[in-house]
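Here the structure comes first, spelled out in structure tokens, and everything after it is commentary.
The first residue of the sequence shown is numbered 1, and numbering continues consecutively from there.
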Amino acid sequence: MTLTQLESFLILAQRLNFTQAADDLFISQPALSRMISALEQEVGLQLFYRSSRSVSLTPAGRAFAQQCPRILDSYRAGVDAALLAQQGFRGDVTVGILRDTFDGNAVRIHQAMARDCPQIHLTFRELSHSDLIRALLAGELDAAINSGEALPQEDIDAIILRRDRQCAVVPASSPLARARSLRMEDLREENFVVMSRTASLPGYGLVWKMAADAGFTPRVAAEANYVPSLLMLVACGLGISTLTDNLEHLSQDMVSFIPLVGVPLSCHALAWRRDNRNPSLPFLLDAVRRGLETGWAQPPSPPGA
């Protein structure tokens, strides 16, 4: 059964005249007759009564004619949906996020996509820092909101969402909490609480790198798998740690975030593989770029809204 057969059947059902229907379709009357006969043979039903003087619908033909517009509309809607999907206007995008943080930029990205690209379904997947990077590099995610050092540039592109200051995280009762700023050298004699390798290999490695640059090896007293757990261990006095200042809101005033000077700022970025072929991904990237350019401002409401 073809679209042309259905459209021809519907025209003939409306006209009930082969000559007029053939004229409407810009085909010959014999060609229309052959098309209708082929349709009847395919569905196994007689759709029209034919005589030398008249044409009328059979009961099966009347029932089929009632459904034909829906069939045609469904077909056209399917073609439109397939075209939108091919062009990326409709589809799915999966973005990885860190599992134990509240990320305001993720919220802004979701709001921008819901407003600008409502036919693209945006899904967030929560992962540990180590798994986030592994899943992105393995192509299991379309993009990821990553914190810390930049990912390998030969494989990855990124949009910087913001830059965060590295801080020493110390118990609120520690003498270090009274400092306005610290250097890594000032932490030489302290015990450290760090993220475990399995939970955040980048975070674990960063502590060791910053300490090495300051000329010492950190004494690791405890490891944590989640940022809130790390903050709790610091508050308990097991040691100090380093985190970015955007996580200070999790501390409940039981630890202090003291800016570290002499260390690089941490990049908070949306990263994606250069070879990603998801046609909807460019719409996500455009929404993020527009959001950053406008400061994530909401567009003005139309008059009368």
Side-chain angles (χ1 to χ4, degrees), residues 72-129 131-165 244-247 249-250 265-305:
L72 291 170
D73 288 345
S74 179
Y75 171 84
R76 295 184 181 110
V79 171
D80 290 343
L83 181 60
L84 288 172
Q86 178 176 305
Q87 296 174 340
F89 291 105
R90 175 176 293 175
D92 298 276
V93 177
T94 301
V95 176
I97 58 174
L98 291 175
R99 66 187 177 188
D100 55 353
T101 62
F102 180 92
D103 194 327
N105 277 319
V107 176
R108 297 181 188 100
I109 290 170
H110 189 277
Q111 291 172 338
M113 288 295 289
R115 182 183 66 241
D116 299 339
C117 306
Q119 292 182 308
I120 295 176
H121 182 241
L122 176 60
T123 301
F124 290 121
R125 183 177 168 192
E126 301 167 281
L127 296 164
S128 71
H129 201 175
D131 286 342
L132 184 76
I133 294 173
R134 179 200 58 77
L136 177 65
L137 295 177
E140 298 171 11
L141 302 169
D142 292 307
I145 300 178
N146 178 56
S147 295
E149 295 184 356
L151 293 167
Q153 291 302 305
E154 62 271 16
D155 299 320
I156 299 295
D157 271 329
I159 299 172
I160 303 294
L161 301 176
R162 67 169 188 267
R163 297 185 187 275
D164 300 318
R165 182 186 294 275
T244 50
D245 55 0
N246 66 299
L247 298 173
H249 68 281
L250 298 173
L265 296 177
S266 175
C267 289
H268 192 74
L270 180 73
W272 68 95
R273 285 181 60 107
R274 286 197 178 104
D275 60 359
N276 186 291
R277 294 294 179 263
N278 185 342
S280 295
L281 178 60
F283 291 91
L284 171 71
L285 303 181
D286 287 345
V288 171
R289 292 187 180 103
R290 286 195 303 271
L292 291 171
E293 289 172 359
T294 62
W296 298 105
Q298 292 285 341
S301 300

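- The aromatic rings of F124 and H110 sit tilted, their planes meeting at an angle between 30° and 60°.
- Interatomic distance, CH2 of W296 versus CG of L161, reported as 7.0 Å (0.5 Å rounding).
- For H121, the side-chain hydrogen bond (donor to acceptor under 3.5 Å, both in side chains) criterion is met by D92, T123, not counting sequence neighbours.
- For the atom pair N276 CG and D142 CG, the distance stands at 5.0 Å (nearest 0.5 Å).
- Considering CG of L137 and CD1 of I156, their distance stands at 5.0 Å, rounded to 0.5 Å.
- In this structure, C267 and R163 approach most closely via the heavy-atom pair SG-NH1, 3.0 Å.
- Remark: of the listed residues L284, L136, L141, L284 is the sole one forming a side-chain contact (heavy atoms from CB on, under 4.5 Å) with V95.
- For the atom pair OG (S147) and CZ (R162), the distance works out to 6.0 Å, reported to the nearest 0.5 Å.
- Shown here for I160 and L292, the closest heavy-atom pair between the two residues is O-CD1, 3.6 Å.
- Residue pairs satisfying the side-chain hydrogen bond (donor to acceptor under 3.5 Å, both in side chains) criterion with at least one member in residues 94-103, sequence neighbours excluded, are listed as follows: D103-H268.
- Residues A112 and A287 approach most closely at CB-CB, 4.4 Å, considering heavy atoms.
- A donor-acceptor pair is defined here as one N or O able to donate and one able to accept, closer than 3.5 Å; no such pair exists between the side chain of R273 and the backbone of D155.
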Candidate pair N105 and L270, rule side-chain contact (heavy atoms from CB on, under 4.5 Å), full reasoning: CA-CA 10 Å; N105 277 319; L270 180 73; over 6 Å; no
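- You'll find the side chain of N146 reaches within 4.5 Å of the side chain of H129, heavy atoms only.
- Scanning both residues, A269 and A158, for their nearest heavy atoms gives CB-CB, 4.2 Å.
- The minimum heavy-atom distance between R165 and L265, with the atom names listed, is CA-CD2, 3.7 Å.
- We find the CZ-SG distance between R115 and C117 to be 9.5 Å, quoted to the nearest 0.5 Å.
- The two residues A143 and L281 make their nearest non-hydrogen contact at CB-CD1, 4.4 Å.
- Under the salt bridge (charged side-chain N to carboxylate O under 4.0 Å, His left out) criterion, R289 pairs with D286, sequence neighbours left out.
- The side-chain heavy atoms of V107 and F102, taken from C-beta on, include a pair separated by under 4.5 Å.
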